[in-house]
There are 2 protein chains.
Amino acid sequence: MAESQDWLTQLKAHGYRLTGARRAVVQVVASSARALTPVEVYDAARTAYPALGLVTVYRTLEKLEELGLIQRVHQEQGCNAYLPHAQGHQHLLICQRCGRAVYFDGDDLTALFARVGDEHGFVVREHWLQLFGLCAKCQPEVNRDVS
Amino acid sequence: MAESQDWLTQLKAHGYRLTGARRAVVQVVASSARALTPVEVYDAARTAYPALGLVTVYRTLEKLEELGLIQRVHQEQGCNAYLPHAQGHQHLLICQRCGRAVYFDGDDLTALFARVGDEHGFVVREHWLQLFGLCAKCQPEVNRDVS
DNA sequence: AACGATAATGAAAATCGTTTTCAATTATAA
DNA sequence: TTATAATTGAAAACGATTTTCATTATCGTT
Ligand SMILES: [Mn+2]
Ligand SMILES: [Mn+2]
Ligand SMILES: [Zn+2]
Ligand SMILES: [Zn+2]
C-alpha cells in the first residue's frame, strides 16, 4: 500500500533498517481504519510475520510516533491506541460501535479560543477536539442491539 | 469547604460510610485547582490523615467517579488525573505550565458537528473539547524559562 | 451508651501493561 | 563476502493498579 511504502521510506531515510518485523507492523498500522493497541497490532502483524515479538511492536510504534507518522488516540476505553497521523489541522470522528476513525477539517474555532482565553486570563496555545458517534454501517446495528 | 461537604453528603446518601480516609481524600480533590493523580491525592491527603493507604485513594476516586462527582482528565503527560466534574455542558482550559484548570462554557458547535457528521455518514453523539495554554500567572514565567 | 452486622481499611501479594537487559541474529555499507 | 552495528525476541524487571485478607471502625439498632 502507498502509505505503508512511504513510512518504510521515511524509516530508511532516518537511518533505520528495514526488517521483516517492521514491515509487518507498518503494514498493519498504516492500513487500519481503527486505532489499534500494541497487542492488536501484534496479533494482526503476526499473521504476516509469525516470529514477531510484542517488544518489537512497542519499539516500532515508538519510532513511528517520533517520526510523526502515527499518533496516540485517546478514548473512553483507553488511551494506548494508534492511528496514522493527521494531515495538517484535522480532528478525529470515531464510531462508538466499531471504532472506525475518520479525520475531518474545516473547523475554525479561533474566535471561541480567543474569547475563552480572555475570559480566564489564559493564552490558548493548543486544543483537542474529538467527535464520537455512529458510522453509517453501525447506525442500524445499534438499534438492533437495543431491541 | 462547600463542595467537599456536598460530596460527603452524596456518599452518605448512596449508602457509603463516612470515614477519616474518605474525608481526607474528598477534601483534597474537591478543593484542587489542578487535576491530581492517585499518588498526588495520596501525598496531599496524608497530611490530614497520615494512616491513609494508597489503595483507599484508588477506591475512593472510583466511587466519586461513579457518583459523577469527579472526572478523569486526559493530558499529554497522562490520563490518570482527576478533577471535580464539570457542571452541565462545560469544557476544560488547562495551563501547560502549572496545570491550573478552569471550566468554560458557551461553546455552540452543533452546526459543525452536523456538517462533519453528514460529510462522513456519521451521527455525532458526543464530543471532547479541551484547550491548553498559559494562565495569567504563568505567561511571564514561561518567557523567563526560555531566556 | 453498648452492641453487632458489615462496610471499610491498609499491608501484602497478585496482576497487567510496558520497559529494560542481553545474547543471538540480521541488514547494510564497504 | 565480510565486518559492523542495529535489531531482534526471550526473559527479567518495573511501575501502576487491583485483589486478597485479616483487622478495624462506622452506624443503625438496642
Ligand atoms: Mn481545530
Ligand atoms: Mn461543547
Ligand atoms: Zn487519554
Ligand atoms: Zn499556569
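This structure is a prediction, so every number in the text was calculated from the model and none was measured. Order of the sequence lines sets the chain letters (A, B, ...), proteins ahead of strands, with each chain counted from 1.
- The distance from atom OH of B:Tyr16 to atom P of D:dA25 is 22 Å, rounded to the nearest whole Å.
- Between B:Pro84 and B:Ala30, the shortest heavy-atom distance links the atoms CG-O, 4.0 Å.
- Nearest to the side chain of A:Arg22, among C:dG10, C:dG17, D:dT8, sits D:dT8.
- Nearer to the 5' terminus of DNA chain D, by closest-nucleotide assignment, is the contact made by B:Pro38 (compared with the other of B:Pro38 and B:Thr19).
- At the phosphate of D:dA16, neither OP1 nor OP2 sits under 4.0 Å from any side-chain N or O atom of B:Asn80.
- Going from atom CZ of B:Arg17 over to atom P of D:dT29 covers 12 Å, rounded to whole Å.
- The separation between A:Leu54 atom CG and D:dA10 atom P is 10 Å, rounded to whole Å.
- Annotation: the span from A:Gln130 atom CD to A:His74 atom NE2 amounts to 8.0 Å, rounded to 0.5 Å.
- When the nucleotides C:dT20, D:dT7, C:dT18 are ranked by their closest atom to the side chain of A:Val55, C:dT20 comes out on top.
- Here the nucleotide nearest the side chain of B:Lys12, chosen from D:dC27, C:dG10, D:dT7, is D:dC27.
- One interatomic measurement links the two molecules: CZ of A:Arg59 to C1' of D:dA6, which rounds to 11 Å at whole-angstrom precision.
- In this entry the distance linking CD of A:Glu62 with P of D:dT7 reads 12 Å, nearest Å.
- The distance between atom OH of A:Tyr42 and atom P of D:dT8, rounded to the nearest whole Å, is 14 Å.
- Computed from coordinates, the B:His14 NE2 to C:dA7 P distance equals 17 Å when rounded to whole Å.
- In this structure a side-chain-to-backbone donor-acceptor pair under 3.5 Å is present from A:Arg34 to A:Cys98.
- Between the CG atom of A:Leu61 and the P atom of C:dG17 there is a distance of 15 Å, given to the nearest Å.
- The aromatic rings of A:Trp128 and B:Phe132 lie perpendicular to each other, with more than 60° between the two planes, well past the 30° mark.
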